[in-house]
Structures are given as structure tokens and as C-alpha cells.
Amino acid sequence: MVSRIIPVEAFDLVVFGGTGDLARRKILPALFRRYCAGQMPEGAQIIGAARSEMDDAQFRVFVTEAIAEFNGDFPYKDEDMQGFLSILFYITVDALGDRGWTELAAKMQADRVRAFYFSVGPSLFGPLAERLHTYGMADMNTRIVVEKPFGRDLETAKELNRSLADHFDEHQVYRIDHYLGKETVQNLMAIRFGNMLFEPLWNSQYVDHIQITVAETVGVQGRGEYYDRAGAMRDMVQNHLMQLLCLIAMEPPSRFEPDAVRDEKLKVIRALDPVDPGDIVRGQYRAEGERQSYLEDVENPQSTTESFIALKLHLSNWRWAGTPFYLRTGKRMRARSSEIAVVFKETPHSIFDEEAGRHRNILTIRLQPNEGIDLDVTIKEPGPGGMRLVDVPLDMTFTEALGPDAEQVPDAYERLIMDVVRGNQTLFMRGDEVEAAWAWTDPIIADWEERGDKPLPYDTGSSGPVDALALMHRDGRRWREVRS
Ligand code: NAD
């Protein structure tokens, strides 16, 4: 396959929080892979900036170790590692004080794209934006990248948006949701809008329901304090699951361009009905063997925060009225598995015997593991014995058709960081989208708090509380199995 690396302009990328966990696990290894792919232009600089005391040499050792730990068996040449390290620098900077800012400003090169990745807690977004402005680093070539959580409710999200808007235009702000950088998520748009086959069926007349599952096997993993203040609704549904729902449910944008796509996503969020409390199931994982319960993990025996949630949603618009969307996400579940399943209706009439059964097509978009797309179609079971029908997946994993290069797609962070440098906001959330998602989420959480709602316990390694299964059973439907 022909190389599809699109060159980017020379840039300076500053990673605030460059010594933190996210930088170590995701951002810096992703940048190295882009370097190896030949996508770093001559003169690019990557500058770690954080409170920790370090110099360039120590930062280079830190990054080398991060790459060794988090890039698995990614093959690279020694000269690539040497080349990459030579474009790395480090400056000790205090986001809340004056330390390091003059030095950082002096390090910036003229006439370059400047990207500032705020890989720090949201309380530092405003102070960082302000200091970038004060120290003369905020010009029209400047882009800032912010991580989740973008607020914990509508009010705090508005406040964050305001603190960024004081110094930057919306077109300079890149709010990351790494789910949008996944290859399959973009493929979902290609499948929907690049084919005639699916879009005419993509509505309540032909789609029985849609289910979105994001299941994790890990618990709160040392993030107990943060997680217990957030819970699955804030940590996963308000952002990642909501973004997936938008891409599945949105109208075709007129062009694959940032605002055209984001306008359509916003309309989906605004069309969401308030959720009936009876259509929500919350859970907390129990202990199992050596593994602690949720309450032990977060060291809060009274916690009423959910580590699992399942909800049934409705959209009030012409396309989707009558088609429910079932969403669920949780920790310590049976398998690490994320997928979207579009379950089509049964055929209106069967010409086959009763024994042949009634069948339906399911389009499954797998996000992890093994990103790919399956379409279950009904065929005749081979061999004699009459017309027996069976559902088989039509393999749309693409690796055979596209060759081995299809397996080496960049990961979400690689793609998204390069999009920042290119100035392409299509796969980033706009401020009004984030606010609309909080405006929908807030009353749901407020209702739990008002009623003192308590999550139901569920077994580690299960699919969540039994009531979550009942949420679909009572509608004559069932969740797809959680499996890797
Ligand atoms: P972390 O605590 O590991 O790192 C924080 C970084 O910020 C460190 O480099 C620290 O030196 C720097 N820092 C703190 N105070 C500072 C100050 N006053 N001035 C300058 N630098 C300062 O945090 P993390 O896990 O890397 O997370 C960073 C952000 O990314 C958070 O908002 C988090 O919610 C978000 N996030 C993290 C992950 C993850 O997997 N770790 C995933 C998604 C989102």
C-alpha cells in the first residue's frame, strides 16, 4: 500500500504535565511512533513542561523508559530513538506561579504552529491559558489541547469554557475524547456515509434498537479518589458513550468538516429525552478473592457512586422516534470489550418454515479489542436437510482486503495529536457539545442525589447487576454477550 503519511507543518509542542501518568503512558509513546512513521518535520520540538525538577537529559531518560514500558513490541531503529530524543526538551514550569514561563517563551520558535497540550487537572486549564497569554505565547498559530474531565457538571464546564475563551478562540481549543480518534469510529462514518447500502435503513423503520457497551475488567486502579467523585456516568457516559451515540445517530453532515460534523452531533444531544429513573440501573462491584470491592478500592464504605451503569435512551426526532438506545459501561466486568451493535428488525414475513426461525441482521462496530466491523447476515445452513437458516458474520475486518498495513493503523492519540498540528478539529468536541451533554446529564445525577439512590452490587467478572439484564428483557430484547 502506498504510504499515506500526510506531512505536517513544523511545530513546537509543549506537553504541560509532561512527567505525569497520561504523558508517560499515551502522549509521549504516541509521539515517538509518529516520529518513526516519518511524520515529524525538520525542526519540530517537543517540550515537556511540569512542576517536577528535571533537565533535558533526565527528561530524555524518562521518555526512553516510558517508550520501553508502554510501546510493547513496537519495532524501531536505534537511529529513530536517537533522533526522537534529540527533539525533546524539558522546562520546569509552575502553572500557578511565574517559574519557567520566560524560559518557555524563549524556547518557542518563530512562525511555527504552537500546540500546548494541557495534560494536567482541569483546575490548571484557566491558569495555563492565562499565562500563555501573559507571556506572549498566545497568537493565532497557537492551539491548546485539553483532556477530560471537562468539568463535573454544566456549571463547571461553562466556567472552564469561559476561562479558555478569555484568551483563545473556539477554533484554537481541542477538547480530546480519545474514542473519536479510534480507527473504527472513523470507519463508522465511512460505512454510514460512504455507502448507499446502510443509510436508507438507518432509522426507526428498520432498526429495532442500538446497544453500546464499554466494558472494562479493571477496577478504579489507584484513581479511587477521583473516580468516587465522578462515577461511571460522569467518567464514561457524559463523554465517550455520548460521542459514540452522536456518531451513530447523527444526520449526514453536508461535508466531513469540523463544524458540519459537530453541528449534527450537537443536534443529537439536544434531541435526547430526559431519562426515566426506571430506565437506569447503577451498580458497584463486589470483592472477589484477593480483589477488593469498589467500596474498599475507593476507601469510602458509604459511597453511593456507581462503577457500572446501564440506561435506555430515546431520541425525539423523525429518524429515531421509537428506536431505543441501550448504553452500558462498567468496571470489573467479564471482559474488556467495547462495541456498538445496530440490531435491525426482523423481516416482516418469513417465507420459510416455522423451524427455520426468524432472523435479524446485526451490524457490530468493535472498538476494542480487535477493532473491526461485523455484519451478521442470515444464510442457509450448508448441506441437505431442508432450509435451515443460520446467522454468520460477514467479515469486514479489512486486513485481508487492505493488506498488512491495515494492521498498523495509528492509535487514537497519534492521530489526534497530528490533527491538532494540522489544525483539524473534526474529531474534537466543541464547547457547546460538551455543555449540551452536561445539560442532559445533570438532572439525572441530581435525581439520584435527591432520592438517595444506591447502586446495586454486582459480581466481579459478571455483566453487571441482574437488573441491567432485566432492563432489556422486559422489552423482549437482550444484551449482547460481553466477551473479548
Ligand atoms: P498526574 O497527576 O500523573 O500528572 C500531573 C502532571 O501535572 C505532572 O506532570 C505534574 O508535574 C503536573 N503538574 C501538577 N501541578 C502542576 C503545576 N502547578 N504546574 C505545573 N505542572 C503541574 O495526572 P495524569 O494522570 O497524567 O492526568 C493528567 C490529566 O489527564 C488529568 O486531567 C486527568 O484527569 C486526565 N486524564 C488522565 C488519564 C490517564 O490515563 N492518566 C486518562 C484520561 C484523562
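Numbering of ligands and ligand atoms starts at 1, following listing order. Nothing fancy with the numbering, it's 1 onward along the sequence.
- Ligand 1 has no nitrogen or oxygen under 3.5 angstrom from a nitrogen or oxygen of Pro122.
- Among all protein heavy atoms, the one lying closest to atom 36 (N) of ligand 1 is Lys148 O, 3.8 Å.
- Near Pro149, the atoms of ligand 1 lying under 4.0 angstrom from a non-hydrogen atom of the residue are 34 (O).
- Neither the backbone nor the side chain of Lys26 comes within contact range of ligand 1; no heavy atom lies under 4.0 Å.
- Taking the six-membered ring where tryptophan is involved, the planes of Tyr285 and Tyr294 are perpendicular, since the angle between them exceeds 60° and thus also 30°.
- Scanning the protein heavy atoms around atom 40 (O) of ligand 1, the nearest turns out to be Arg25 NH2, 2.4 Å.
- Between the side chain of Gln39 and the main chain of Met418, no donor-acceptor pair closer than 3.5 Å is present.
- Donor-acceptor pairing under 3.5 Å is recorded for the side chains of Ser293 and Glu296.
- Distances from atom 7 (O) of ligand 1 to the heavy atoms of Thr19, Asp94, Val120 put Val120 nearest.
- Checked by distance only, ligand 1 and Gly20 come closer than 3.5 Å through their nitrogen or oxygen atoms.
- Here the heavy atom of the protein found nearest to atom 6 (C) of ligand 1 is Gly17 CA, 3.5 Å.
- The side-chain contact (heavy atoms from CB on, under 4.5 Å) search around Gln172 returns Met140, Thr142, Phe168, Asp169, not counting sequence neighbours.
- For the residues Glu147, Glu53, Arg51, the heavy atom positioned nearest atom 11 (O) of ligand 1 is part of Arg51.
- Remark: Lys26 pairs with Leu22, Tyr413 by the side-chain contact (heavy atoms from CB on, under 4.5 Å) rule, at least two apart or across chains.
- Heavy-atom proximity to atom 28 (C) of ligand 1, evaluated over Ser119, Ala49, Ala230, Gly222, is greatest for Ser119.
- For the pair Ala95 and ligand 1, the shortest N or O to N or O distance falls below 3.5 Å.
- Proximity of Leu124 to ligand 1, defined as any heavy-atom pair under 4.0 Å, is confined to the side chain (atoms from C-beta onward).
- With respect to atom 26 (O) of ligand 1, the closest heavy atom belonging to the protein is Leu22 N, 2.8 Å.
- A donor-acceptor contact closer than 3.5 angstrom is absent between the side chains of Thr184 and Asn187.
- If you check which protein heavy atom lies closest to atom 41 (N) of ligand 1, you get Asp21 OD2, 2.8 Å.
- A side-chain N or O of Ser307 and one of Tyr458 form a donor-acceptor pair less than 3.5 Å apart.
- More than 12 non-hydrogen atoms from other residues, nucleotides or ligands lie less than 6.0 angstrom from CD of Gln58.
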Exercise. Do Arg430 and Asp263 pass the salt bridge (Lys or Arg N to Asp or Glu O under 4.0 Å) test, and can you show the C-alpha distance, the side-chain angles, and the key distance before you say yes or no?
Worked result: CA-CA 9 Å; Arg430 209 167 52 191; Asp263 286 347; 2.9 Å; yes
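- In this structure, atom 18 (N) of ligand 1 is in close contact with the protein, since a protein heavy atom lies within 4.0 Å of it.
- Rounding to the nearest 0.5 angstrom, the gap separating the CD1 atom in Ile87 from the CD1 atom in Ile46 is 4.0 Å.
- By heavy-atom distance, the residue among Val93, Asp235, Ile176, Leu96 lying nearest atom 20 (C) of ligand 1 is Val93.
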